[in-house]
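Convention: sequence-line order gives letters A, B, ...; per-chain numbering from 1.
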2 protein chains.
Amino acid sequence: MTSFTEENYLKIIYKLSAETDSEISTNAVAELTQTKAASVTDMLRKLSEKQLVIYQKYQGVRLTKKGETVALKVIRKHRLWEVFLVDKLGFNWDEVHEIAEELEHINSDKLVQQLDEFLGFPQFDPHGDPIPDKHGRMPESAYKNLSEILINQEVVMMGVAQHSTNFLQYLAKIGLHLGVNIYIVEINDFDKSLTIKIEGSTQCFISYEVAKNLLVKSISMDED
Amino acid sequence: MTSFTEENYLKIIYKLSAETDSEISTNAVAELTQTKAASVTDMLRKLSEKQLVIYQKYQGVRLTKKGETVALKVIRKHRLWEVFLVDKLGFNWDEVHEIAEELEHINSDKLVQQLDEFLGFPQFDPHGDPIPDKHGRMPESAYKNLSEILINQEVVMMGVAQHSTNFLQYLAKIGLHLGVNIYIVEINDFDKSLTIKIEGSTQCFISYEVAKNLLVKSISMDED
DNA sequence: ATATTTTTTTAGATTTGTCTAAAATTGATT
DNA sequence: AATCAATTTTAGACAAATCTAAAAAAATAT
Ligand SMILES: [Mn+2]
Ligand SMILES: [Mn+2]
Ligand SMILES: [Mn+2]
Ligand SMILES: [Mn+2]
């Protein structure tokens, strides 16, 4: 069995692994778990004994196949619950993450299976993040960051790469929500900031930092 | 804040208090929490410091108003989640208790409120137990035990007073499920065992012990 | 190649919830 | 009232997850 705490460590190591393909450092884990490096060292040794990670001291850590499976299950539950909260209970997408952090540790294969079916086997969560299927396979995400899109090419807002409440509420304020059509009017050479046109709304100005965190898909792609 | 563990103690003390109106003994709590008396003593002192119970050593324990409020919130969540699992996810009523034991500790007032609304503000859980409203008020349960019903008086099966998987599966086997109409054919004077007729099924023979644990309402009562 | 800084690990302590074994209290029985 | 039995509490220990401070190792700069 994996405890609540162990699951959180595994999930965080999984997410860090997606960004860098080398070993994950103790400090990087400490930052995301909001603990101190000394605590991480203890936990890594423990996870290693349980064969959930490969860890040798001073060498960083990575998940074993077994550890990855656990992490994907937790991520799957997290994202399914977020869909439930938004689609069924009427939550806003900036309100669901904290609750899903608790719900993701409820253990029952049947519960996850039935919830998935009840939600209509969603492929993406309310933030546009892909939901692993029951075998841990991620759906192909054809989304790009807005920062990679060309001027005047119309795209649909599909998700965000960063989930802080601050960021989500900023998006709400400037009128950016899932499903809205947008295109880039102008890119500022100097700092890569951009002016965009939001369908049914006025133009607005966003930083490169924001554009990097917006997931969009081309309007021409098929819709199902 | 109350921890997962503290909440379980409070819930158990609440349930024991409903049966006896004197102080609850350390041993009684130990039995239901599946811990040892020594552990209970420690926890009672802690709950007492937090003003959640009235406790003096060797004198037993009872809930304060504050403790009762916490207990009722946990019970409310437990029962709402059971309704969700049965009504929305298609679980059988004998499969939901363990999962609800975990879900009942998720903390979010908005979650509970929205869930309640999503389920249509149910008054009773799948086992016929009353669901406290958001102010902690229990709906009037007009149900009686089958053991108090007269011969030939038709009643509807509304719930059970005991939730063990064993018992629920026994009921399933003899064809007793929620909503079915039954009446008592004969009561055996010697041991109070009884023969009952289940609508659309054959007669069957049940012990007094079983009858005491079946909640029913008179067929004449109004239906909404 | 050494010295300095940063990162990581170890050592030892703390908190929460549990346990066993022994002591204390209560309640029941002579 | 004294004894015995049952219940409850205390004392001391342990596992999980965390911390701080010090030591060790690795990375970086001189
Ligand atoms: Mn989330
Ligand atoms: Mn998400
Ligand atoms: Mn239950
Ligand atoms: Mn129930």
Using the rule given for ring-ring contact (aromatic ring centres under 6.0 Å, His included), can you reason through B:Phe4 versus A:Phe4, listing the C-alpha separation, both sets of side-chain angles and the distance that settles it, and then say yes or no?
CA-CA 12 Å; B:Phe4 189 104; A:Phe4 190 103; 9.1 Å; no
Which parts of nucleotides 7-12 of chain C does protein reach within less than 4.0 Å, heavy atoms only, written one letter per nucleotide 5' to 3' as B for base, S for sugar-phosphate only and - for none?
SBBB--
Can you sort out the partners of A:His105 under side-chain hydrogen bond (donor to acceptor under 3.5 Å, both in side chains), two or more places apart, ordered by chain and number?
A:Glu7, A:Asn8
Could you verify whether a donor N or O on one side chain and an acceptor N or O on the other, from B:Ser193 and B:Asp191, lie under 3.5 Å apart?
yes
I'd like to know if B:Asp116 and B:Arg76 make a salt bridge, using a cut-off of under 4.0 Å between side-chain N and carboxylate O.
yes
Under 3.5 Å donor-acceptor, A:Thr33 side chain and A:Tyr9 backbone:
no
Length of the CE-C1' vector between A:Met43 and D:dA15, whole Å:
12 Å
Run the salt bridge (charged side-chain N to carboxylate O under 4.0 Å, His left out) check on A:Glu82 and A:Arg79 step by step: do they pass?
CA-CA 5 Å; A:Glu82 286 189 344; A:Arg79 294 180 180 170; 6.0 Å; no
Of the residues in residues 3-13 of chain A, which ones touch DNA chain D at a heavy-atom distance under 4.0 Å?
A:Ser3, A:Thr5, A:Tyr9
With distance as the sole test, does A:Lys50 use its side chain to make a donor-acceptor pair with the main-chain N or O of A:Met1 at under 3.5 Å?
yes
Separation of atom CD in B:Glu23 from atom C1' in C:dT26, rounded to whole Å
15 Å
Polar side chain donor-acceptor pair, B:Asn145 to B:Glu148, under 3.5 angstrom:
yes
